[in-house]
Amino acid sequence: MIRTVESEPHASPPVLAAYSYCEAVTGRQARNFAYGIRLLPAPQRRAMSALYAFSRRVDDIGDGALAGDVKVARLEETRALLTRIREDEIDEDDTDPVAVALTHAARHFPIPLGGLDELIDGVLMDVRGETYETWDDLKVYCRCVAGAIGRLSLGVFGTEPGARGVDRAPEYADTLGLALQLTNILRDVREDAVGGRTYLPADDLAKFGCSAGFSGPRPPEGSDFAGLVHFEVRRARALFAEGYRLLPMLDRRSGACVAAMAGIYRRLLDRIERDPEAVLRGRVSLPGREKAYVAVRGLSGLDARHVTRRAVRRRV
């Protein structure tokens with residue numbers, strides 16, 4: 001069973017300053033994520049920002065312009081720092097604010113820090129230039145870079161006492177992470193191709209005549225690009241449907257946070273489905289007013305109640 005968070009953790013001025021740094025990083029680098037976590041109480045919001053800031057550091061190493069061997073060395077240095085955080089060896093006056101904040105968060109929330117090791121493993125896959133033949137292959141990568149983040153976040157959220165099926169909460173959090181990551185892959189297909197990366201499974205690309213890749217603003221000649229996108233959208237929707245079973249297991253504000261972030265990505269999927277070639281012309285995004293609507297819907301509990309009703313109908 002996932003432990004619930006029962007009290008607000010005390011934070012000293014140096015720790016609060018470290019959290020403020022992490023929140024600033026989150027606000028600059030992850031607008032969708034920042035939009036969702038603003039619905040959380042301050043201690044949980046800060047802890048989520050610390051998780052994001054550490055994850056952003058790992059991602060930035062992988063996405064940077066350094067040589068591959070230097071990236072590997074930097075990632076292993078970051079893994080060594082994670083070990084020090086896990087072993088509670090970071091002092092409050094340490095010069096690394098991300099390490100200070102994450103150490104404090106890990107002391108007060110049951111965060112499974114091994115998930116950040118998985119994230120590092122996933123970014124190493126990027127550094128090595130791995131490609132994926134099948135969806136099962138791609139799932140391994142997605143679980144590292146996104147499913148693990150879902151499980152880490154669950155450590156901050158906790159679960160509601162007496163929630164039904166709570167032993168499956170980590171599984172649902174992981175699956176929701178996969179849904180978000182597959183949506184990211186669809187949204188960024190052109191950007192990734194320009195950077196020399198291909199994430200969609202090779203057998204899916206071949207099935208729809210897209211093995212030539214996406215180097216331009218138009219699909220490959222003779223391909224069924226729309227068919228490919230619609231196929232992957234259906235896969236992402238199935239993942240969302242499974243992952244949304246997590247919502248009734250969370251308290252109201254944690255559920256609102258998850259519903260807001262997931263809702264933004266589900267609406268991105270809607271836009272991509274309506275105009276598949278839009279992802280080849282530029283990044284698909286939502287206007288602020290639509291994100292606000294999604295947040296209000298999440299805070300009202302509409303998504304959680306909808307999932308609960310569907311689960312009841314299945315049992316009946």
Side-chain angles (χ1 to χ4, degrees), residues 15-38 40 44-66 70-86 90 94-106 109 111-127 141-157 173 176-178 180-181 183-185 187-188 191-192 195 197 199 257-258 260-262 264-265 283 285 291:
V15 170
L16 288 175
Y19 277 132
S20 292
Y21 173 85
C22 294
E23 290 186 291
V25 170
T26 304
R28 286 196 309 270
Q29 301 292 333
R31 293 179 183 176
N32 289 344
F33 186 82
Y35 210 95
I37 66 172
R38 72 172 61 178
L40 294 171
Q44 290 169 294
R45 186 182 68 247
R46 293 174 189 143
M48 291 294 288
S49 293
L51 279 172
Y52 176 81
F54 190 93
S55 301
R56 180 75 264 167
R57 179 178 297 180
V58 174
D59 285 340
D60 284 347
I61 293 171
D63 292 338
L66 298 170
V70 178
K71 289 183 179 182
V72 171
R74 293 281 180 86
L75 288 168
E76 293 305 335
E77 288 170 5
T78 306
R79 197 191 298 274
L81 175 62
L82 178 60
T83 298
R84 292 181 58 216
I85 293 169
R86 184 184 292 112
I90 305 295
D94 193 280
T95 57
D96 186 336
V98 177
V100 171
L102 186 55
T103 298
H104 184 269
F109 295 93
I111 301 172
L113 289 176
L116 291 171
D117 274 306
E118 292 180 58
L119 174 62
I120 293 171
D121 291 339
V123 173
L124 282 168
M125 295 167 76
D126 278 336
V127 171
Y141 170 77
C142 291
R143 289 193 191 284
C144 285
V145 299
I149 301 301
R151 286 177 266 119
L152 287 159
S153 301
L154 184 62
V156 175
F157 298 146
L176 201 52
L178 265 64
L180 298 177
Q181 186 62 24
T183 304
N184 269 337
I185 288 170
R187 182 194 64 187
D188 298 340
E191 181 180 326
D192 289 333
R197 293 177 178 171
Y199 291 102
C257 171
V258 173
M261 287 189 284
I264 287 169
Y265 279 86
R283 174 167 287 205
S285 61
K291 292 180 182 179

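- From Leu16, atom CG reaches atom NE2 of His104 across 7.5 Å, with rounding to the nearest 0.5 Å.
- Note: Leu180 CG to Arg187 CZ = 10.5 Å, rounded to the nearest 0.5 Å.
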Practice task
Start with the C-alpha distance between Leu116 and Leu102, add both sets of side-chain angles, then the distance that settles side chain to side chain contact (heavy atoms under 4.5 Å, CB included), and finish with yes or no.
Solution key: CA-CA 11 Å; Leu116 291 171; Leu102 186 55; 3.7 Å; yes
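- Remark: Gln29 CD to Asp60 CG distance equals 6.0 Å, nearest 0.5 Å.
- The minimum heavy-atom distance linking Ser55 with Ile149 is given by the pair OG-CD1, 3.7 Å.
- There is a side-chain donor-acceptor pair under 3.5 Å between Tyr199 and Asp126.
- How far CD1 of Ile120 is from CG of Asp59: 10.5 Å, rounded to the nearest 0.5 Å.
- A 4.5 Å side-chain heavy-atom check between Arg151 and Leu154 finds every atom pair outside the cut-off.
- Nearest heavy-atom pair, Leu82 versus Leu113, reported as atom, atom and distance to 0.1 Å: CD2-O, 3.9 Å.
- Scored by the ring-ring contact (aromatic ring centres under 6.0 Å, His included) test, Tyr52 finds Phe33 as partners (sequence neighbours excluded).
- Under the 4.0 Å criterion applied to side-chain N and carboxylate O atoms, Asp117 and Arg86 are assigned as salt-bridge partners.
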Listed pairs under 3.5 Å, donor-acceptor, residues 70-77 side chains, sequence neighbours left out:
{"residue": "Lys71", "atom": "NZ", "partner": "Gly62", "partner atom": "O", "Å": "2.9"}
{"residue": "Lys71", "atom": "NZ", "partner": "Gly64", "partner atom": "O", "Å": "2.8"}
{"residue": "Glu76", "atom": "OE1", "partner": "Arg79", "partner atom": "NE", "Å": "3.1"}

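- Rounding to the nearest 0.5 angstrom, the gap separating the CZ atom in Arg57 from the CG atom in Leu119 is 12.5 Å.
- Here the closest heavy-atom approach between residue Cys22 and residue Pro97 is recorded as SG-O, 4.3 Å.
- The line from CG of Asp121 to OH of Tyr141 is 12.0 Å long, rounded to the nearest 0.5 Å.
- When side chains are defined from C-beta on, Val123 does not count as touching Asp63, because their heavy atoms never get closer than 4.5 Å.
- Across Ile85 and Ala99, no two heavy atoms sit closer than the pair CD1-CA, 4.0 Å.
- In this structure, Tyr19 and Ala105 approach most closely via the heavy-atom pair OH-N, 3.2 Å.
- Using a 4.5 Å cut-off on side-chain heavy atoms (C-beta onward), Ile37 and Gln44 make no contact.
- Every residue two or more places apart in sequence or in another chain that forms a side-chain contact (heavy atoms from CB on, under 4.5 Å) with Leu178 is listed here: Trp135, Lys139, Cys142, Arg143, Asp174, Leu239.
- Considering every non-hydrogen atom in both Asp94 and Ile90, the closest pair reads CB-CG2, 3.8 Å.
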